[in-house]
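Whatever order the structure lists ligands and atoms in, that order sets their numbers, starting from 1. Computation of the quantities below employed the complete heavy-atom set of this structure, encompassing side-chain atoms and omitting hydrogens, waters and symmetry-equivalent molecules.
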Amino acid sequence: MIIFEGKYNEIFINRKTVIALGTFDGIHFGHRKIIEGAVKEAKTNNLNSAVLTFKKPVFSYFNKNATNYLINPIDIKTEIISSLGVDYLIYVDLEDGFINLPPEQFLEYLKHNLNAEIIVCGYNYTFGKNAQGDIEYLKENAEKYNINVIVFEEILMENLRVSSSLIRECLLSGDVELANKLLGYNYYLKGRVIRGKSLASRLGFATANIIVDRNLCLKNGVYITLTHYKGNSYPSITNIGYNPTFEQKQRVCETHILKFEKNIYDKIIKIEFMKYLREERKFNSIFDLQSRIKKDIKLAENYFKI
Ligand SMILES: Cc1cc2nc3c(=O)[nH]c(=O)nc-3n(C[C@H](O)[C@H](O)[C@H](O)COP(=O)(O)O)c2cc1C
Ligand SMILES: Nc1ncnc2c1ncn2[C@@H]1O[C@H](COP(=O)(O)OP(=O)(O)O)[C@@H](O)[C@H]1O
């Protein structure tokens with residue numbers, strides 16, 4: 001997969017493309033249908049598949065005070081899109097006027113810069129200045145540019161409409177199980193293990209720490225998780241937040257891997273979130289924190305039946 005990023009008017013693709021359009025935060029079940037649709041259409045018509053998207057949701061660009069808006073960190077978004085067999089991934093900057101393009105210039109851009117033959121999007125896709133462009137506009141006007149439009153209908157799961165905003169709500173309220181169902185995969189984070197406060201010897205539990213974006217829409221607290229390291233997966237327990245007991249400044253994701261004793265500093269780990277257990281709390285002493293973590297570990301052992 002070739003990745004383009006930056007100013008929209010500096011991006012050019014020579015080959016003819018089928019382009020999936022959307023913000024695709026979460027790359028949930030519905031998003032994957034759209035992207036897989038573009039890949040399939042490209043194969044059938046001997047074209048190249050592309051995804052035109054952004055690194056963060058458009059509303060976070062308009063509302064500079066927005067927090068906790070992001071489902072996927074960017075490397076994970078890229079990884080999932082790549083796994084779907086896409087040829088070109090285009091991350092357009094939100095800062096340089098792209099989202100304010102009048103609808104006809106948007107179509108012109110798709111044709112002249114990105115060589116679009118077919119565009120694929122979801123039923124509620126909007127684009128351009130003040131979201132003036134919608135599916136109706138595309139259907140009526142794309143023909144002038146020799147572009148075919150394929151629209152995917154909404155997807156329901158347990159009578160709920162699968163959407164990024166519903167998944168954000170689930171993750172922010174601790175309902176990881178429902179978020180995982182709607183995503184169609186278990187929510188995960190990935191990162192390089194860094195050095196922390198080196199409290200394991202005092203606390204009795206080693207924790208592998210990775211830095212997380214402060215705007216990830218994942219509720220702070222303790223989770224039952226599955227940690228992947230070097231091709232193996234291990235039951236684990238993870239705290240995400242600011243360690244109020246120690247008044248830490250940085251948001252950290254700390255994982256104690258059960259029945260595991262290895263130095264994994266600087267190694268990449270992947271943490272899959274299975275179940276939210278409790279809020280992060282300020283404890284009066286390390287001893288109190290320690291006995292609560294023992295309880296958390298018991299809960300994880302019961303969950304994994306180990
Ligand atoms: C399962 C688990 C639960 C935790 N719960 C809390 C908590 O409620 N409050 C808190 O301040 N820190 C909590 N922590 C974080 C610990 O304070 C932190 O892991 C410890 O200070 C070690 O930090 P270090 O890895 O930087 O040395 C938890 C850690 C784990 C692994
Ligand atoms: N069961 C385990 N779970 C997580 N990390 C472990 C485990 N056993 C050993 N480690 C190692 O110990 C390190 C964490 O030790 P810790 O004293 O908590 O230090 P730090 O504060 O630097 O994270 C991890 O980064 C990892 O290399």
Plane angle bin for [Y] and [X] - parallel if under 30°, tilted between 30 and 60°, otherwise perpendicular:
{"X": "Phe273", "Y": "Tyr223", "result": "perpendicular"}
{"X": "Phe260", "Y": "Tyr229", "result": "perpendicular"}
{"X": "Phe4", "Y": "Tyr88", "result": "tilted"}

- ligand 1 contacted by Phe283 (non-hydrogen, < 4.0 Å):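 Within the 4.0 Å threshold, so yes.
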
- Task: State if Arg292 counts as touching ligand 1 under the rule of any non-hydrogen atom under 4.0 Å.
- Result: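 Distance cut 4.0 Å: Arg292 fails for ligand 1.
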
Step through the shown structure and confirm whether more than 12 heavy atoms of other residues, nucleotides or ligands are within 6.0 Å of [atom1] on [X].
{"X": "Lys197", "atom1": "NZ", "answer": "yes"}
{"X": "Asn46", "atom1": "CG", "answer": "no"}
{"X": "Glu95", "atom1": "CD", "answer": "yes"}

Checking contacts here: is it the side chain or the backbone of [X] that comes within 4.0 Å of ligand 1, counting heavy atoms only? Could be both or neither.
{"X": "Leu289", "result": "side chain"}
{"X": "Val222", "result": "side chain"}
{"X": "Asn209", "result": "side chain"}
{"X": "Lys282", "result": "neither"}
{"X": "Ile293", "result": "side chain"}
{"X": "Asn243", "result": "both"}

Run the numbers for me: atoms of ligand 1, each under 4.0 Å from some heavy atom of [X], listed by number.
{"X": "Thr245", "result": "9 (N), 10 (C), 11 (O)"}
{"X": "Leu199", "result": "21 (O), 22 (C), 27 (O)"}
{"X": "Ser198", "result": "27 (O)"}
{"X": "Glu280", "result": "7 (C), 8 (O), 9 (N)"}
{"X": "Asp296", "result": "1 (C), 3 (C)"}
{"X": "Phe246", "result": "17 (O), 21 (O)"}
{"X": "Arg281", "result": "7 (C), 8 (O), 9 (N), 10 (C), 11 (O)"}
{"X": "Leu203", "result": "20 (C)"}

Do [X] and [Y] have a side chain donor and acceptor closer than 3.5 Å?
{"X": "Asn68", "Y": "Asn215", "answer": "no"}
{"X": "Tyr91", "Y": "Thr78", "answer": "yes"}
{"X": "Ser49", "Y": "Asp87", "answer": "yes"}
{"X": "Asn45", "Y": "Glu117", "answer": "no"}
{"X": "Lys270", "Y": "Ser233", "answer": "no"}

Heavy-atom distance to [atom]: which of [options] wins?
{"atom": "atom 28 (C) of ligand 1", "options": "Asn239, Val252, Ile257", "answer": "Asn239"}
{"atom": "atom 25 (O) of ligand 1", "options": "Ile297, Ile194, Thr207", "answer": "Thr207"}
{"atom": "atom 9 (C) of ligand 2", "options": "His256, Lys262, Lys267, Lys197", "answer": "Lys262"}
{"atom": "atom 3 (C) of ligand 1", "options": "Glu254, Glu247, Gln290, Arg278", "answer": "Arg278"}

- Message: Could you go through Tyr109 and Tyr8, starting from their C-alpha distance and side-chain angles, then the distance that decides it, and tell me whether this counts as ring-ring contact (aromatic ring centres under 6.0 Å, His included)?
- Response: CA-CA 9 Å; Tyr109 173 70; Tyr8 72 99; 5.3 Å; yes

- Query: Do Leu160 and Tyr123 share a hydrophobic cluster (ILVMFWY, side-chain heavy atoms under 4.5 Å, transitive)?
  - Reply: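 Leu160 and Tyr123: separate clusters.
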
Taking the basic N atoms (NZ, or NE/NH1/NH2) and the acidic carboxylate oxygens, is any pair closer than 4.0 Å for [X] and [Y]?
{"X": "Lys144", "Y": "Glu104", "value": "no"}
{"X": "Glu36", "Y": "Lys33", "value": "no"}
{"X": "Arg278", "Y": "Asp296", "value": "yes"}

Suppose we measure from [atom] to each protein heavy atom; which comes out shortest, and what is that distance?
{"atom": "atom 17 (O) of ligand 2", "result": "Ala200 CB, 2.8 Å"}
{"atom": "atom 18 (O) of ligand 2", "result": "Thr207 N, 3.1 Å"}
{"atom": "atom 5 (N) of ligand 2", "result": "Ala208 N, 3.6 Å"}
{"atom": "atom 21 (O) of ligand 2", "result": "Ser198 N, 2.6 Å"}
{"atom": "atom 12 (O) of ligand 2", "result": "Ala206 CB, 3.7 Å"}
{"atom": "atom 2 (C) of ligand 2", "result": "Phe260 O, 3.6 Å"}
{"atom": "atom 24 (P) of ligand 1", "result": "Lys197 N, 3.5 Å"}
{"atom": "atom 19 (O) of ligand 2", "result": "Tyr265 OH, 3.0 Å"}
{"atom": "atom 27 (O) of ligand 2", "result": "Ile264 N, 2.6 Å"}

Atoms of ligand 2, numbered as shown, that sit under 4.0 Å from any heavy atom of [X]:
{"X": "Asn209", "result": "23 (O)"}
{"X": "Thr255", "result": "3 (N), 4 (C)"}
{"X": "Asn263", "result": "27 (O)"}
{"X": "Glu261", "result": "8 (N)"}

- Is there any N or O on Thr238 that sits under 3.5 Å from an N or O of ligand 1? no

- Message: Is it the case that ligand 1 has an N or O less than 3.5 angstrom from some N or O of Gln248?
- Response: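 No, there is no polar N/O contact under 3.5 Å.
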
- Reference residue Asp25; test side chain to side chain donor-acceptor pair (under 3.5 Å); the match among Lys55, Arg168, His31, Lys56: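 Only one option passes, and that is Arg168.
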
- Message: Taking 4.0 Å as the limit for heavy-atom contacts, which would you say applies to Leu258 with ligand 2: side chain only, backbone only, both, or neither?
- Response: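 Leu258 to ligand 2: no contact under 4.0 Å from either part.
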
Does [X], backbone or side chain, put an N or O under 3.5 Å from an N or O of ligand 2?
{"X": "Val193", "answer": "no"}
{"X": "Gly196", "answer": "yes"}
{"X": "Ile257", "answer": "yes"}

- Task: Could you point out which residue of Val86, Ile80, Leu89 forms a side chain to side chain contact (heavy atoms under 4.5 Å, CB included) with Ile35?
- Result: Val86

- Would you check, one step at a time, whether the test side-chain contact (heavy atoms from CB on, under 4.5 Å) holds for Glu41 with Leu47? CA-CA 8 Å; Glu41 210 54 44; Leu47 301 167; over 6 Å; no

- Message: Ignoring hydrogens, what is the shortest heavy-atom contact between Cys217 and Leu171? Give both atom names and the distance.
- Response: O-CB, 2.9 Å

